[in-house]
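First the structure, in the form of structure tokens, and then the observations on it.
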Amino acid sequence: QVQLVESGGGLVQPGGSLRLSCIVSRGTVGNPTMGWFRQAPGKEREFVARITWAGNFPQYGDSVKGRFTISRDNAKNTVYLQMSSLKPEDTAVYYCALSYRLTTAPTAYSNWGQGTQVTVSS
């Protein structure tokens, strides 16, 4: 069973940066898609970014394009989300997830981490 563990969340001022990490336990096969999603209170889960385990086909949600970067380090079994120019509306719980489809739909992701809170506030 694949397990995902996120870290790196916290409180940051508007305009600041954070890097989230997602450690993926052994057990992945093939070339899965790794995604980051977020969910703010009272809102639906939102696609943030995705990349394949091989590092192909990065894609971003419209609200984070140009500010967030997804990457992975296969040697460390880790996927990262570098977040810059953070805004109060980026405040949410951020989740790492895995899918065996190349997709941005959260329903297609079979494995999820526990989430890490990101709060952007002065």
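Residue numbers run from 1 in the order of the sequence given. In this text the structure is predicted, and so the values were computed from the model without any measurement.
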To the nearest 0.5 Å, how far apart are CG in Leu98 and OH in Tyr100?
5.0 Å
Please report the shortest heavy-atom distance between Tyr94 and Val48, naming the atom on each side.
CE2-CG2, 4.3 Å
Same apolar cluster: Val79 and Ile23, side chain cutoff 4.5 Å:
no
Would you say Glu46 and Ser63 are linked by a side-chain donor-acceptor pair, where the criterion is simply a distance under 3.5 Å?
yes
Less than 4.0 angstrom from a charged side-chain N to a carboxylate O is my criterion; do Asp62 and Lys65 meet it?
yes
Leu18 reachable from Leu11 in the ILVMFWY side-chain graph, under 4.5 Å edges:
no
Could you tell me whether the side chain of Gln114 reaches within less than 4.5 Å of the side chain of Val5, counting heavy atoms only?
yes
Is a donor on one side and an acceptor on the other found under 3.5 Å between the side chain of Arg45 and the backbone of Gln39?
no
What residues, two or more places apart in sequence or in another chain, satisfy side chain to side chain donor-acceptor pair (under 3.5 Å) together with Lys43?
none
For Asn111, which residues count as a side chain to side chain donor-acceptor pair (under 3.5 Å) partner, sequence neighbours excluded?
none
Separation of Glu89 CD from Arg38 CZ (nearest 0.5 Å):
8.0 Å
Between Gln59 and Thr104, is there a side-chain heavy-atom distance shorter than 4.5 Å?
yes
Output the distance between atom CG (Leu81) and atom SG (Cys96), rounded to the nearest 0.5 Å.
9.5 Å
Is there a continuous path of hydrophobic side-chain contacts, each under 4.5 Å between heavy atoms, that joins Tyr80 to Ile70?
no
Using the side chain to side chain contact (heavy atoms under 4.5 Å, CB included) rule, take Val64 and Met83 through it: C-alpha gap first, then chi angles, then the decisive distance, then the call.
CA-CA 9 Å; Val64 306; Met83 306 185 294; over 6 Å; no
Rest of the hydrophobic cluster containing Tyr109 (Ile/Leu/Val/Met/Phe/Trp/Tyr, side-chain heavy atoms under 4.5 Å)?
Phe37, Phe47, Val93, Tyr95, Trp112
For Gln82, side-chain contact (heavy atoms from CB on, under 4.5 Å) partners two or more places apart
Ser17, Arg19, Thr69, Ser84
Just to verify, what does Asn56 make a side chain to side chain donor-acceptor pair (under 3.5 Å) with, not counting sequence neighbours?
none
Please name all residues satisfying side chain to side chain donor-acceptor pair (under 3.5 Å) with Arg72, sequence neighbours left out, ordered by chain then number.
none
Polar side-chain atom of Asn74 near backbone of Ala54 as donor-acceptor pair, under 3.5 Å:
no
Rounded distance [0.5 Å steps], OG in Ser110 versus CZ in Arg101:
11.0 Å
Closest heavy-atom contact between Thr91 and Ala40?
O-CB, 3.7 Å
Correct closest heavy-atom pair for Gly115 and Glu6 would be N-OE1, 2.9 Å
Taking every non-hydrogen atom, the tightest pair across Ala108 and Ser99:
O-OG, 2.9 Å
Donor-acceptor pair, Asp73 side chain versus Thr78 backbone, under 3.5 Å?
no
To check you understand the geometry: which heavy-atom pair defines the closest contact between Leu102 and Thr33, and what is its length?
CA-OG1, 3.5 Å
Are side-chain heavy atoms of Leu86 and Phe68 found at a separation under 4.5 Å?
yes
Tightest non-hydrogen contact, residues Phe57 and Arg50, listed as O-NE, 3.0 Å
So how far is it from Ser7 OG to Leu20 CG, rounded to the nearest 0.5 Å?
8.0 Å
